[in-house]
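Inspection log for the structure reproduced underneath, given as structure tokens.
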Amino acid sequence: MPAAPRPAIDEVNRGVYGTLFPPRQGLPVPQFYFEDFAPGSVAQYGPRVVTREEIVAFAAEFDPQPMHLDEAAARASMLGGLSASGWHTCAILMRMCCDWFILDSASMGAPGVDEVKWLRPVRPGDALTLRRTVRDTRVSASRPEMGFVRFLYELINQRGEVAMTLTTPAMLSRRAPAAAAS
Amino acid sequence: MHFFEDIRIGETHEIGRHTFTADGIKRFAARYDPQPFHLDEAAAARSHFGALCASGWHTAAVCMRMLVARKDRVVAELAARGEKVATWGPSPGFRELKWLKPVYAGDTITYATEPVEKRESKSRPGWGLLFSRNTGTNQRGELVYSFIGSAFVERRPG
């Protein structure tokens, strides 16, 4: 386990979107529908600070490999130091999307993820900003009440380096389902 | 783990199973994916999913746990036979991840892994890059989860 003294959990999560930060409720009526995501539009959210505490906690439960759990073992690995599980980074991205806009959108989930690239390690203390680009959009042929919005997400650290990219087609309700179906 | 040269393409290995409980689903969702259909039975019943279901990232995270556990088992078996153990390095990413069906509270998912492609690493001498199709299947035999992962794998020295 890391040798550095661990701050209390309250201290870790004060002022940042920590893992123990309670989930907020979405607005009673969705604000964002399929039509609100214009191809080519770019928006940004954050930053969110990643703590050593949550890196180790996620790894202990889901990815217990030395480079995510132990500072000395991590230094000897290809990653060169303690770093978050790539799946943890994906989960952090999901949470940032929820806090940013998904809980206020007419989201219907996602059928999958086209591609994820883990380009650089995410370290304790990194402040991650999320940049979202709308790659393309299309109305579903089989379900005209919804559409697909393909997002490119880039998680960018405090040095301006892209740590991870993720491309996914999100499913969203259309704003006027009755009109769309007719 | 096995060295790059010893990995056989097309061989499927079952790596473990996990039952998703309502509590487990909500606990993961509260931290990482707090959408109503992952947090609350009543809200989920009103959604297009129809019942409480796990975040897709939860399904994925449990798969990673199974892959790590399998790696630990293989390392122990190789060590017990006195064979050399290869290092598996980090993963540069994954592709074609599909959440094919919802994973509902009470579902038991069986995970499996199958090496599908391997090639020498151009950027890292001494290492190869392995691609594996990892899947999850529910207790009704329905494929619910699939992706193609990748990892750096040490080559046999000499």
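Protein chains get the first letters and strands the later ones, always in sequence-line order, with residue 1 at the start of each. These numbers come from a predicted model, not from an experiment. Below, each value reflects all heavy atoms present in this structure, side chains not excepted, and no hydrogens, waters or symmetry copies.
Using a 4.0 Å cut-off between charged nitrogen and carboxylate oxygen, B/E11 and B/R133 do not count as a salt-bridge pair.
Aromatic rings of A/H88 and B/Y32 (six-membered ring for Trp) have centroids within the 6.0 Å cut-off, being under it.
Residues B/C53 and B/F20 fail the side-chain proximity criterion, which asks for heavy atoms closer than 4.5 Å. Counting heavy atoms from C-beta on, the side chains of A/L172 and A/M146 never come closer than 4.5 Å. No side-chain heavy atom of A/T129 sits less than 4.5 Å from a side-chain heavy atom of A/Y45.
Among B/F152, B/W127, B/F94, B/Y145, the residue making the largest number of heavy-atom pairs under 4.5 Å with chain A is B/F94. Of the listed residues (B/R65, B/M66, B/K98), the one with the most heavy-atom contacts under 4.5 Å to chain A is B/R65. When each of B/S150, B/P90, B/G89 is checked for heavy-atom pairs under 4.5 Å with chain A, B/P90 comes out on top. Across A/G86, A/P64, A/A59, the residue that shares the most heavy-atom pairs under 4.5 angstrom with chain B is A/P64. Considering only heavy-atom pairs separated by less than 4.5 Å from chain A, the leading option among B/K71, B/M64, B/R95 is B/M64. Counting heavy-atom pairs under 4.5 Å between each of A/M164, A/E115, A/M108, A/K117 and chain B puts A/M108 at the top.
Using a 4.5 Å cut-off between heavy atoms, A/D63 contacts chain B through both its backbone and its side chain. Interface remark: B/V62 contributes backbone and side-chain atoms alike to the contact with chain A (heavy atom separation under 4.5 Å). Contact of B/S55 with chain A is not made at all, since no heavy-atom distance falls under 4.5 Å. With a threshold of 4.5 angstrom between heavy atoms, A/L93 does not approach chain B through any atom at all. For A/W118, the parts sitting under 4.5 Å from any heavy atom of chain B are the backbone and the side chain alike.
No cation-pi contact links B/R155 to B/F3, judged by a cut-off of 6.0 Å to the six-membered ring centre and 45° from its axis. Relative to the ring axis of A/W100, A/R132 places its NZ or CZ within 45° and under 6.0 Å from the centre.
Considering A/V50, A/V162, A/L128 as possible partners of A/N157, the one that fulfils the side chain to side chain contact (heavy atoms under 4.5 Å, CB included) test is A/L128.
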